[in-house]
**Student:** 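Provided herewith is a single structure, encoded as structure tokens, for subsequent inquiry.
What you see is a predicted model; the values in this text were computed from it and never measured. Just so it is clear: chains get the letters A, B, ... in the order the sequence lines come, proteins before strands, and each one is counted from 1.
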Number of protein chains: 2
Amino acid sequence: MPAISQRGEACPPSPIRKLVPYSDQAKKRGIQVYHLNIGQPDIETPSNVMDKIRNTDIKVVEYSHSAGILSYRKKLVEYYSRVGVTVTPEEMIVTTGGSEGILFALLTCLNPGDEIIIPEPFYANYNGFAVAAGVVVKPIESYIENGFSLPPISAFEEAISPRTKAIMICNPNNPTGYLYSREELELLRDIVKKHDLYLFSDEVYREFCYDGKNHYSVMNLEGIDQNVVLLDSISKRYSACGVRIGVMISRNKTVMATAMKFAQARLSPPTFGQIAGEEAINTPESYLTNVLKEYLRRRNIVVESINKMEGCSCPLPGGAFYAVARLPIDDSDKFCQWLLEDFNHQGQTVMLAPATGFYATPGRGKDEVRISYVLKVDDLIHAMKCLEEGLKAYPGRKIGRI
Amino acid sequence: MPAISQRGEACPPSPIRKLVPYSDQAKKRGIQVYHLNIGQPDIETPSNVMDKIRNTDIKVVEYSHSAGILSYRKKLVEYYSRVGVTVTPEEMIVTTGGSEGILFALLTCLNPGDEIIIPEPFYANYNGFAVAAGVVVKPIESYIENGFSLPPISAFEEAISPRTKAIMICNPNNPTGYLYSREELELLRDIVKKHDLYLFSDEVYREFCYDGKNHYSVMNLEGIDQNVVLLDSISKRYSACGVRIGVMISRNKTVMATAMKFAQARLSPPTFGQIAGEEAINTPESYLTNVLKEYLRRRNIVVESINKMEGCSCPLPGGAFYAVARLPIDDSDKFCQWLLEDFNHQGQTVMLAPATGFYATPGRGKDEVRISYVLKVDDLIHAMKCLEEGLKAYPGRKIGRI
């Protein structure tokens with residue numbers, strides 16, 4: 001039997017999905033599981049989008065342009081203009097989810113062995129793409145104590161080596177929900193410019209900002225047009241995760257021409273997803289306004305509930321629909337598995353993502369979990385009750401610490 | 001401005017798509033272009049598939065299981081059983097087109113720098129995935145003179161080095177249309193077993209076999225269950241290229257568990273495509289029978305037309321919907337571009353794929369083109385007339401050779 005590859009062995013499992021077999025087993029035992037482990041909203045996809053799919057009159061479901069259907073890219077120009085970003089259809093490649101854009105960006109801009117700096121905790125699936133591209137993730141630490149704000153520029157300076165080619169951020173952040181300010185982004189701009197690095201920015205949660213805060217896109221940072229690559233997706237914006245449509249955007253023509261070679265190799269992004277994406281931009285403004293109100297209620301319930309639990313703390317996230325909470329536990333992997341395997345409260349339990357998988361530094365995140373507040377308020381209340389009772393019953397509970 | 005990656009520079013452009021700007025310009029000049037460059041059939045997607053999409057009553061377009069929707073994988077078991085292949089849902093990962101399966105297989109089974117042997121000419125996009133995975137393609141030559149049959153095993157033996165980890169075939173073949181016999185596959189089996197290599201087999205054209213010949217799947221080769229990885233797609237079978245649905249299949253549990261890590265990183269394949277794929281398996285048998293009859297007529301017209309042209313030759317392909325023809329030309333890249341840029345016959349021209357892009361050995365394919373017979377018979381007749389007249393007028397025509 002031939003060996004598998006070393007990178008295959010090295011690729012870490014997804015912290016979001018690796019406990020799925022345990023939740024499946026819990027369900028088989030009749031336990032109701034609240035899924036707060038994955039960023040899969042229960043919000044309905046806009047009805048105009050579903051109607052568009054239902055009214056499709058395509059005869060042959062053909063390959064589209066490798067950069068995406070032109071009418072969709074033109075419509076995206078309209079969307080970005082609405083959020084204050086000026087781009088052209090030529091500066092875009094429609095991708096299969098935001099995921100594919102991350103892979104294209106890494107393959108295009110970094111050589112195998114090159115380094116990319118990412119503040120940790122970070123979206124765990126970046127690891128899979130880094131492994132695929134042979135790229136080394138250099139984490140720099142952000143801390144729950146200050147709500148996971150941008151690490152000081154000195155930390156970036158220290159992490160930069162001759163192999164550093166890029167810095168990557170996710171804004172608003174997954175998993176922390178932290179919303180980077182314009183000032184923080186301008187500090188990043190300066191260091192990117194100084195060292196002539198790429199700046200990759202994952203802005204799929206752009207619309208999800210709370211407490212009157214506004215999102216500032218890296219596309220509007222002055223003086224680094226040739227360095228910036230924007231990664232985006234319609235999955236969360238329109239609760240359409242399954243359509244698998246994202247976009248990679250850059251004003252750097254060489255980057256886009258090179259990424260196009262990888263895009264042409266895989267022929268095209270999914271046609272039905274692009275039809276959905278084009279129609280989604282016509283969704284009435286009220287849809288997002290209502291969704292935002294709903295997420296705000298959910299965020300408040302989760303954060304308030306956790307901060308009331310003994311020994312727990314959770315900073316108030318400014319965006320996205322995630323929060324990272326610190327719990328009085330020995331090991332978040334064990335705890336999250338235990339919640340599914342050995343615990344239930346009145347026939348219910350909760351599935352969380354251990355934060356360890358969002359850190360690249362070994363040992364970090366052992367007393368933290370990521371919570372996706374993607375369920376209805378009533379369900380969230382039940383889920384928080386399960387967490388509270390679970391923490392009381394968990395044999396690995398730590399006593400007397402914050 | 002930061003540099004792009006060396007692999008980005010090294011990635012060859014797709015021979016199927018690199019001339020698209022020239023065809024766009026020809027169309028702008030009012031020229032009708034017959035597209036025989038790309039395997040995009042004009043055949044209608046089955047009506048039951050389109051009806052299924054139109055009748056979808058999904059409320060939230062969610063991520064699916066990373067290995068694909070279970071009901072679809074179960075349905076695939078039924079499909080494979082029908083074509084004589086026994087598999088289970090656990091031995092499958094539904095992929096975003098056949099393309100993603102190729103990438104997963106390379107990432108999973110080969111280290112960067114490892115070698116994969118592929119008989120050339122081969123499907124050009126394998127190059128893009130090989131570059132992405134940092135894998136070295138070792139071509140071994142097949143020849144138009146014997147219809148591109150499997151190279152002798154001695155050629156494989158000579159090509160095998162300590163870095164060789166896999167052999168890849170496409171059967172029936174893209175670009176040559178050659179259908180490997182069971183005997184040829186058994187020779188491959190023996191060498192795969194002897195050197196404990198992986199055998200990747202791209203069988204997306206399985207149903208397209210002519211002249212009473214039958215397809216034999218590598219999944220039925222005895223004794224190499226742990227070595228075989230099957231790559232498949234519904235794109236061609238059901239003329240549904242745009243849905244982007246394929247599947248990677250192996251009975252090797254370690255391979256599948258490892259590929260799942262890459263699959264989980266990208267979350268899931270497209271939902272609408274999976275709905276289409278599941279329904280496609282219910283398509284009446286008459287659909288494929290009729291499609292096959294149609295392709296047979298097309299093949300015969302193309303091959304007979306070319307063999308009648310002075311100085312041209314084209315072997316009769318046993319499968320798929322491609323043919324590689326030898327033409328009396330100096331350079332297939334120049335000729336294919338010239339057909340679009342400088343030629344028309346009564347306001348029409350034809351777009352072909354230069355065969356150079358399907359060879360890894362420099363210099364090969366310069367007098368060959370790949371023809372996809374994906375248009376209606378009447379259109380093909382016009383396209384062949386354009387080719388014939390084009391060859392007469394082409395300044396780089398070679399005289400007096402076969």
**Student:** In terms of heavy-atom pairs under 4.5 Å, which option from B/Ile102, B/Thr258, B/Asp196, B/Leu197 contacts chain A the most?
**Tutor:**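 Most pairs with chain A among the choices: B/Asp196.
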**Student:** Within the side chain of A/Ser23, is there an N or O that forms a donor-acceptor pair under 3.5 Å with the backbone of A/Val20?
**Tutor:**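 The answer is yes, because a donor-acceptor pair under 3.5 Å joins these two groups.
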**Student:** Counting heavy-atom pairs under 4.5 Å to chain B, which of A/Pro41, A/Gly98, A/Ala132, A/Ala124 comes out on top?
**Tutor:** A/Ala132
**Student:** Between B/Asp379 and B/Lys376, is there a salt bridge with N-O shorter than 4.0 Å?
**Tutor:**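 The answer is no: the pair does not qualify as a salt bridge.
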**Student:** Is it the side chain or the backbone of A/Arg54 that comes within 4.5 Å of chain B heavy atoms, both, or neither?
**Tutor:** both
**Student:** Look at B/Ser235, B/Ala133, B/Ala265, B/Pro2 and state which one has the largest set of heavy-atom pairs under 4.5 Å with chain A.
**Tutor:** B/Pro2
**Student:** Taking the six-membered ring where the residue is Trp, are the ring centres of A/Phe129 and A/Tyr126 under 6.0 Å apart?
**Tutor:**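 For A/Phe129 and A/Tyr126, the ring centres are not under 6.0 Å apart.
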**Student:** For each of A/Pro13, A/Ser66, A/Ala259, A/Ser239, tally heavy-atom pairs with chain B at distances under 4.5 Å, and name the one with the top tally.
**Tutor:**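 Among the listed options, the one with the most contacts to chain B is A/Ser66.
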**Student:** Please state whether the side chain, the backbone, both or neither of B/Pro46 comes within less than 4.5 Å of a heavy atom of chain A.
**Tutor:** neither
**Student:** Please look at B/Met1 and chain A and tell me whether the side chain, the backbone, both or neither of the residue comes under 4.5 angstrom of a heavy atom of that chain.
**Tutor:** both
**Student:** Does any backbone or side-chain atom of B/Cys109 lie under 4.5 Å from a heavy atom of chain A? Answer side chain, backbone, both or neither.
**Tutor:**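 For B/Cys109, the contact with chain A is made by the backbone alone.
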**Student:** Can you tell me how far apart CD1 (B/Ile117) and NE2 (B/His195) are? Round to the nearest 0.5 Å.
**Tutor:** 8.5 Å
**Student:** Would the distance check show the side chain of A/Tyr63 and the main-chain N or O of B/Arg244 forming a donor-acceptor pair, the cut-off being under 3.5 Å?
**Tutor:**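 It does not hold such a pair.
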**Student:** Can you tell which part of B/His65 gets under 4.5 Å to a heavy atom of chain A, answering side chain, backbone, both or neither?
**Tutor:**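 Just the backbone, heavy atoms under 4.5 Å.
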**Student:** I need the single residue from A/Ser64, A/Ser71, A/Ser268 that forms a side chain to side chain donor-acceptor pair (under 3.5 Å) with A/Gln274. Which is it?
**Tutor:**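 Only match with A/Gln274 under side chain to side chain donor-acceptor pair (under 3.5 Å): A/Ser64.
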**Student:** Out of curiosity, B/Ile58 CD1 to B/Phe272 CZ, how far, rounded to the nearest 0.5 Å?
**Tutor:** 5.0 Å
**Student:** Is A/Asn37 reaching over with its side chain to a backbone N or O of A/Ile16, donor-acceptor style, under 3.5 angstrom?
**Tutor:** yes
**Student:** Here's a test for you: under side chain to side chain contact (heavy atoms under 4.5 Å, CB included), which of A/Asn111, A/Val255, A/Leu107 qualifies with B/Ile4?
**Tutor:** A/Val255
**Student:** Once you round to the nearest 0.5 Å, how far does NZ of A/Lys165 lie from CG of A/Leu110?
**Tutor:** 5.5 Å
**Student:** Which region of A/Val192, side chain (C-beta onward) or backbone (N, CA, C, O), has a non-hydrogen atom less than 4.5 Å from a non-hydrogen atom of chain B, or is it both or neither?
**Tutor:**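 Neither part.
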**Student:** Which atoms of B/Ile245 are under 4.5 Å from chain A, going by heavy atoms: the side chain, the backbone, both sets, or neither?
**Tutor:** neither
**Student:** Given side-chain hydrogen bond (donor to acceptor under 3.5 Å, both in side chains), test B/Ser161 with B/Glu115 step by step and report yes or no.
**Tutor:** CA-CA 8 Å; B/Ser161 85; B/Glu115 295 168 1; 2.7 Å; yes
**Student:** Charged N to carboxylate O below 4.0 Å: is that the case for A/Arg266 and A/Glu100?
**Tutor:**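 Looking at A/Glu100 together with A/Arg266, the answer is yes, because their closest N to O distance falls below 4.0 Å.
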**Student:** Report which part of A/Leu267 has an atom under 4.5 Å of a heavy atom belonging to chain B: side chain, backbone, both, or neither.
**Tutor:** both
**Student:** If I measure from the heavy atoms of chain A, does B/Tyr123 come under 4.5 Å with its side chain, its backbone, both, or neither?
**Tutor:** side chain
**Student:** Only pairs of heavy atoms separated by less than 4.5 Å count here; which of B/Val243, B/Thr271, B/Val61 has the most with chain A?
**Tutor:**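 Winner by heavy-atom pair count: B/Val61.
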**Student:** Check whether B/Ser99 gets within reach of chain A through its side chain, its backbone, both or neither, counting any heavy atom under 4.5 Å.
**Tutor:**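 Side chain only.
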**Student:** Assess whether a salt bridge exists between B/Lys52 and B/Glu278, defined as any Lys/Arg side-chain N lying under 4.0 Å from an Asp/Glu carboxylate O.
**Tutor:**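 Looking at B/Glu278 together with B/Lys52, the answer is no, because their closest N to O distance does not fall below 4.0 Å.
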**Student:** I'd like to know which of B/Ser14, B/Pro112, B/Gly39 tops the heavy-atom pair count under 4.5 Å against chain A.
**Tutor:**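 Option with the greatest count: B/Pro112.
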**Student:** Need one label for B/Val374: side chain, backbone, both or neither, based on atoms under 4.5 Å from any heavy atom in chain A.
**Tutor:** neither
**Student:** Which atom names give the shortest non-hydrogen contact between B/Thr96 and B/Pro269, and what distance separates them?
**Tutor:**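 What the structure gives for the nearest pair is OG1-CA, 3.8 Å.
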**Student:** With chain A as the partner, which of B/Arg7, B/Gln6, B/Gln226, B/Lys59 has the greatest number of non-hydrogen pairs under 4.5 Å?
**Tutor:** B/Arg7
**Student:** Check for a donor-acceptor pair, side chain of B/Tyr72 on one end and backbone N or O of B/Ala276 on the other, with a separation under 3.5 Å.
**Tutor:** no
**Student:** If you count heavy-atom pairs under 4.5 Å between each of A/Cys241, A/Gly128, A/Gly8 and chain B, which one has the most?
**Tutor:** A/Cys241
**Student:** Please classify the contact between B/Asn252 and chain A as side chain, backbone, both or neither, with a heavy-atom cut-off of under 4.5 Å.
**Tutor:**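 Side chain only.
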**Student:** Heavy-atom cut-off 4.5 Å, strictly under: side chain, backbone, both or neither for B/Leu106 against chain A?
**Tutor:** backbone
**Student:** Is B/Ser47 close to chain A through its backbone or its side chain, or both, or neither, when contacts mean heavy atoms under 4.5 Å?
**Tutor:**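 Interface part for B/Ser47: neither.
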**Student:** For B/Lys193, which atoms come within 4.5 Å of any heavy atom of chain A: side chain, backbone, both, or neither?
**Tutor:**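 It is neither, since no heavy atom gets under 4.5 Å.
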**Student:** Taking every heavy-atom pair that is under 4.5 Å apart, which of A/Gly134, A/Ala166, A/Ala3 has the most such pairs with chain B?
**Tutor:** A/Ala3
**Student:** Quick one: of B/Val131, B/Thr254, B/Ile53, who has the most non-hydrogen atom pairs under 4.5 Å with chain A?
**Tutor:** B/Ile53
**Student:** Please state whether the side chain, the backbone, both or neither of B/Glu9 comes within less than 4.5 Å of a heavy atom of chain A.
**Tutor:** backbone
